[in-house]
Amino acid sequence: MIAIVDCNSFYASCERVFRPELRTQPIVVLSNNDGCVIARSDEAKEAGIKMGAVFHKVKGELDQKKVHYFSSNYQLYGDMSDRVMRCLQSINPDIEVYSIDEAFLDLAQANIPADGLVEFGKKVRIKVWRETGIPISIGIAPTKVLAKVANRLAKKAKQKTEGVLVLQTKTEILSALAATPLSDIWGFGYKKAYKLKSLFGMTTALDCYNNMTEEIMRKQFGGVVGLRVLRELRGERSISISSGAVEKQHIASTRSFGQPINTLSELTEAISVYTERALQKMEHQQSACKTVGVFLSTDRFKKEKGYYAKSAYGVLPHPTCNPHEVIEKAVELIRDIFLPQFSYIKAGVFLASFEDVGARQLSLFEQDVFETASKSKSEKLATLLATSEKKFGKKQIAMASSGIDSKWQMRMSHCSPHYTTDWRDLPVISLPAK
DNA sequence: TCTGGGGTCCTAGGACCC
DNA sequence: TCTGGGGTCCTAGGACCC
């Protein structure tokens, strides 16, 4: 059996961990630049706040309905996610971390009797709550797709299920599928759901389970991907659990700016910082990259001022993780595509064509690069700043924290403290004097 | 004034080869 | 030059996920 663990309204729950008085209050979390609503607590959903709502348009409504809003605090969410995943791993080592707020557990080695699965799920819930303060729900079923179905229903009927639903017998599975609209099947987007309805009149997962053939599925509904989903729906394992971190094929760091920028120096400053951010992610998986890409774009919502978006790719002479080399390339590329007559609101960096740093035989020349890679972060940053200053002149790269007055810095007017990742933001508990 | 930022996988079709 | 029937490799873009 496979379990999926899903952190309920994860970002909102993270904000609540250190603000327990908000546990019963409606909360939303905003996207970068405080652009739109990307996460809602149940109470905010009930209050009618829509996913993706544009913040400046609904701000009045939020205030009026006393909905608390937060800028996204990814440092906090990332750290809380690590805590939840470590807790899950301590219970069941066979784990696939699927996203920041979801994980699959392969229960094959756990030796849980068929009638003990619900109990197991409840234990996991309590342990995660106790150790992290994050509420979760759990779906358990023979395949990933069915576990997802179970989890969705567990969440929907939280009172009845206590956040845990097991689909084991055929009867349980069929009645769950009957209660699941096509578009809520994992791997079926609105396109597939729409097409299934208009061609065959299907509306629920059960319709698909009963009446779809593998042949039609493969030919008309997403090829092998669609086929795998259909098989999983029928209880046949077709999507494997991949434990262990999967190396990324490309790494990106892209952002919209706080305000439009129109000078090359601001743009190179932003690109340099984005490149450093992407390199940090690359360092995590111990890769070196050979391809660097950049892009920039004007405001796509204001095409009347002229729309310009362009990307450029470059190949480095050898795979490298040396910030100096990669940033130099990225800056060179952005210079090539920069046109002074436009104002830009977005830019980004891509890294690709990775090679494993650990497995590589290093040439004499590359050894000092490798040393750079193994230095501590602050040492590396110092080296980076020094070399870039030499190369590009002063002020091309600024510390993100010191660039607070840069126009390209994100707008984040409602950010909570970095409770768990910055000593200065450590919560203080004051006990009443006796 | 104000609209996120990442990822994955697959397919079709073009270029090229014999 | 075209013809048939294979291949391979690459890229763009679609569809989907969180």
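Naming: A, B, ... by sequence-line order, numbering from 1 per chain.
Classified by interplanar angle (parallel below 30°, tilted 30° to 60°, perpendicular above 60°), the ring pair A:Phe342/A:Tyr308 is parallel. Aromatic ring orientation, A:Phe257 versus A:Tyr274: parallel (interplanar angle below 30°, classes split at 30° and 60°).
Whole-Å rounding puts the A:Phe188 CZ to C:dC17 P distance at 10 Å. In this structure, the CD atom of A:Glu96 is 14 Å from the C1' atom of B:dG7, given to the nearest Å. Summarising the geometry, the separation between CE on A:Met51 and P on C:dC18 is reported as 10 Å, rounded to the nearest angstrom. Protein atom CZ of A:Phe350 is 11 Å distant from nucleotide atom P of B:dG5, rounded to whole Å. For the pair A:Phe55 CZ and B:dT3 C1', the interatomic distance rounds to 13 Å; values are reported in whole Å. One interatomic measurement links the two molecules: CZ of A:Arg300 to P of B:dT3, which rounds to 9 Å at whole-angstrom precision. Atoms OH (A:Tyr274) and P (B:dG5) sit 8 Å apart, rounded to a whole Å. The distance from atom CD1 of A:Ile38 to atom P of B:dG7 is 15 Å, rounded to the nearest whole Å.
Remark: A:Lys195 is positioned above the aromatic ring of A:Phe221, its terminal NZ or CZ atom under 6.0 angstrom from the ring centre and at most 45 degrees off the axis.
Between the side-chain ring of A:Tyr98 and the base of C:dC18, no stacking contact exists by the 5.5 Å and 30° definition.
Contact annotation: A:Lys281 side-chain N/O to B:dG7 OP1/OP2 distance is under 4.0 Å. The phosphate of B:dG5 has OP1 or OP2 within less than 4.0 Å of a side-chain N or O from A:Ser256. The side chain of A:Arg228 contributes no N or O atom lying less than 4.0 Å from OP1 or OP2 of B:dT8.
For the pair A:Arg218 and A:Arg255, nearest-nucleotide mapping onto DNA chain B gives the more 5' position to A:Arg255. Each of A:Glu247 and A:Phe301 was assigned the nucleotide of DNA chain B with the nearest heavy atom; the assignment lying further toward the 5' end belongs to A:Phe301.
Comparing the same atom, C1', in C:dC16 and in B:dT1 gives a spacing of 34 Å after rounding to whole Å. When the C1' atom is compared between B:dT3 and C:dG14, the two are found 23 Å apart, to the nearest whole Å.
Within 4.0 Å (heavy atoms only), A:Leu227 reaches no atom of the nucleic acid at all. In this structure, A:Lys195 reaches neither bases nor backbone, as no heavy-atom distance under 4.0 Å exists between it and the strands shown. Contacts of A:Ser72 with the nucleic acid, taken as non-hydrogen atoms under 4.0 Å apart, are absent. Across all strands, A:Gly222 comes closer than 4.0 Å to no nucleic acid atom at all (heavy-atom distances). Backbone-only contact: A:Lys346 has heavy atoms under 4.0 Å from sugar-phosphate atoms and none from a base. Within the nucleic acid shown, A:Asp101 comes within 4.0 Å of sugar-phosphate atoms alone, with no base atom in reach, counting heavy atoms only. A:Gln259 comes within contact range of no nucleotide atom at all, as no heavy-atom separation falls under 4.0 Å. Within the nucleic acid shown, A:Val246 has no heavy atom closer than 4.0 Å to any nucleic acid atom. Within 4.0 Å of A:Leu30, counting heavy atoms only, lies no atom of the nucleic acid at all. Contacts of A:Lys59 with the nucleic acid, taken as non-hydrogen atoms under 4.0 Å apart, are absent.
Counted by atom type alone, A:Thr213 and A:Glu215 present zero donor-acceptor pairs between their side chains at under 3.5 Å. A:Gln75 and A:Tyr419 form no side-chain donor-acceptor contact under 3.5 Å, judged by distance and modelled atom types alone.
Using a 4.0 Å cut-off between a side-chain N of Lys or Arg and a carboxylate O of Asp or Glu, A:Lys65 and A:Glu43 do not qualify as a salt bridge. A salt bridge links A:Lys329 to A:Glu332: at least one charged side-chain nitrogen sits closer than 4.0 Å to a carboxylate oxygen. A:Lys156 has no carboxylate O lying under 4.0 Å from a charged side-chain N of A:Asp184, or vice versa, which leaves the two without a salt bridge. Comment: A:Asp82 does not engage A:Arg86 in a salt bridge, judged by the lack of any side-chain N to carboxylate O separation of less than 4.0 angstrom.
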Nucleic acid footprint by protein, nucleotides 9-15 of chain C - heavy-atom cut-off 4.0 Å, B for base, S for sugar-phosphate alone: ------S

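Two residues are said to be in side-chain contact when any heavy atoms from C-beta on lie closer than 4.5 Å; A:Asn32 and A:Ser256 fail this criterion. Two residues are said to be in side-chain contact when any heavy atoms from C-beta on lie closer than 4.5 Å; A:Lys127 and A:Cys87 meet this criterion.
For the side chain to side chain contact (heavy atoms under 4.5 Å, CB included) criterion with A:Cys7, the lone passing option out of A:Val128, A:Thr132, A:Ile134, A:Ile100 is A:Ile134.
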Dot-bracket, 5' to 3', for DNA chain B please: Watson-Crick or G-U pairs under 3.5 Å, [ ] where pairs cross earlier ones, | where the partner sits on another strand, dots elsewhere. ....||||||||||||||

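Looking at the side chain of A:Arg411, the nearest of the listed nucleotides B:dG4, B:dG5, B:dT3 is B:dT3. The listed nucleotides are B:dG5, C:dC18, B:dT3; the one nearest the side chain of A:Lys148 is C:dC18. Of the listed nucleotides (B:dG7, C:dC18, C:dC16), C:dC16 has the atom at the smallest distance from the side chain of A:Tyr190.
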